[in-house]
Amino acid sequence: SLRMQESLIFGQRLLFIFSSFVSSTTLFCLVKKTPQNQLRLRNYLIIIQVVSITATSVYMDVLFEPVPLFPILGGYCVGLLCSLGVSPKTLVYLFVQVPFLQVRLRLLTYRFQVAIPFSLLFFPAYILFISIICDCIPYSITLPAYFTLLLHPLVHNLMMLFGTPTYRQWIKSHFR
């Protein structure tokens, strides 16, 4: 329904604003608060933070901002690049290629992956895949599943901030 699609767009924009704040905090912690014994891992995480998390979030939530029309393989976009007249074909190509580039970057730079953010991507993607194959899952389920995929940057950042003792202590010190 049009109302669900408008809710998705609004939710996506709110999520981007909140996620940007959390992402900036994570990047600050990575650069300024990482302990000396984690410097090798820090450089990898900074690359992932900037290239994978921040750039993808800006692309998906500002520049492209797709609205899928599941279960069909279709949709439209309302992002900045769409309003500037960039071909949807080009935007979809980039949308498909960016995850492959991220995976290659992760494999080349360091063998480190957290299972929980991956599951945040896998299960909703599986629901979307099944809905396209069998046309058996209603739009009222597939649209929230798609939105769940958009939560990956935020969850990644929150896990980084609250899973790392040094970062967690720094955050707590600001709320005392």
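Below, each value reflects all heavy atoms present in this structure, side chains not excepted, and no hydrogens, waters or symmetry copies.
Side-chain contact between Leu80 and Ser83 is present, with heavy atoms from C-beta onward closer than 4.5 Å. The side-chain heavy atoms of Pro66 and Gln12, taken from C-beta on, include a pair separated by under 4.5 Å. Side-chain contact check for Cys134 versus Ile130: some heavy-atom pair is nearer than 4.5 Å. Counting heavy atoms from C-beta on, the side chains of Phe16 and Val58 come closer than 4.5 Å. Residues Phe10 and Leu14 have side chains in contact (heavy-atom distance under 4.5 Å, counting atoms from C-beta outward). Between Leu27 and Thr54 the shortest side-chain heavy-atom distance does not fall below 4.5 Å.
Here the straight-line distance linking atom CZ of Arg168 with atom CD1 of Ile171 works out to 9.0 Å at 0.5 Å rounding. A distance of 11.5 Å separates CG in Leu39 from CG in Leu45, rounded to the nearest 0.5 Å. Here the OG-NE2 distance, from Ser19 to His152, works out to 10.5 Å after rounding to the nearest 0.5 Å. The distance from atom CZ of Phe64 to atom CG of Leu81, rounded to the nearest 0.5 Å, is 9.5 Å. We find the CG-OG distance between Asp61 and Ser20 to be 7.5 Å, quoted to the nearest 0.5 Å. From Leu143, atom CG reaches atom CD1 of Ile137 across 13.0 Å, with rounding to the nearest 0.5 Å.
Remark: Arg13 pairs with Glu65 by the side-chain hydrogen bond (donor to acceptor under 3.5 Å, both in side chains) rule, at least two apart or across chains.
Looking at every heavy atom in both residues, Val78 comes nearest to Cys82 through N-SG, 4.3 Å.
Placement of Leu158 and Ile17 in two distinct hydrophobic clusters is found when ILVMFWY residues are connected by side-chain heavy-atom separations under 4.5 Å, directly or transitively.
Atom CZ of Phe21 has 12 or fewer neighbouring heavy atoms from other residues, nucleotides or ligands inside a 6.0 Å radius. Environment of OH in Tyr126: sparse, with no more than 12 heavy atoms of neighbouring residues, nucleotides or ligands closer than 6.0 Å.
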Please evaluate residues Thr164 and Cys29 with respect to the criterion side chain to side chain contact (heavy atoms under 4.5 Å, CB included), reporting the C-alpha separation (whole Å), side-chain torsions for both, the decisive distance (0.1 Å), and the verdict. CA-CA 10 Å; Thr164 307; Cys29 285; over 6 Å; no
Is there a side chain to side chain donor-acceptor pair (under 3.5 Å) between Gln49 and Ser23 once you walk through the steps? CA-CA 8 Å; Gln49 183 67 31; Ser23 184; 2.8 Å; yes
Evaluate Thr166 against Thr34 for side chain to side chain contact (heavy atoms under 4.5 Å, CB included), listing each step before the verdict. CA-CA 7 Å; Thr166 306; Thr34 300; over 6 Å; no
Walk me through it: do Thr25 and Tyr167 pass the test side chain to side chain donor-acceptor pair (under 3.5 Å)? CA-CA 9 Å; Thr25 304; Tyr167 305 161; over 6 Å; no
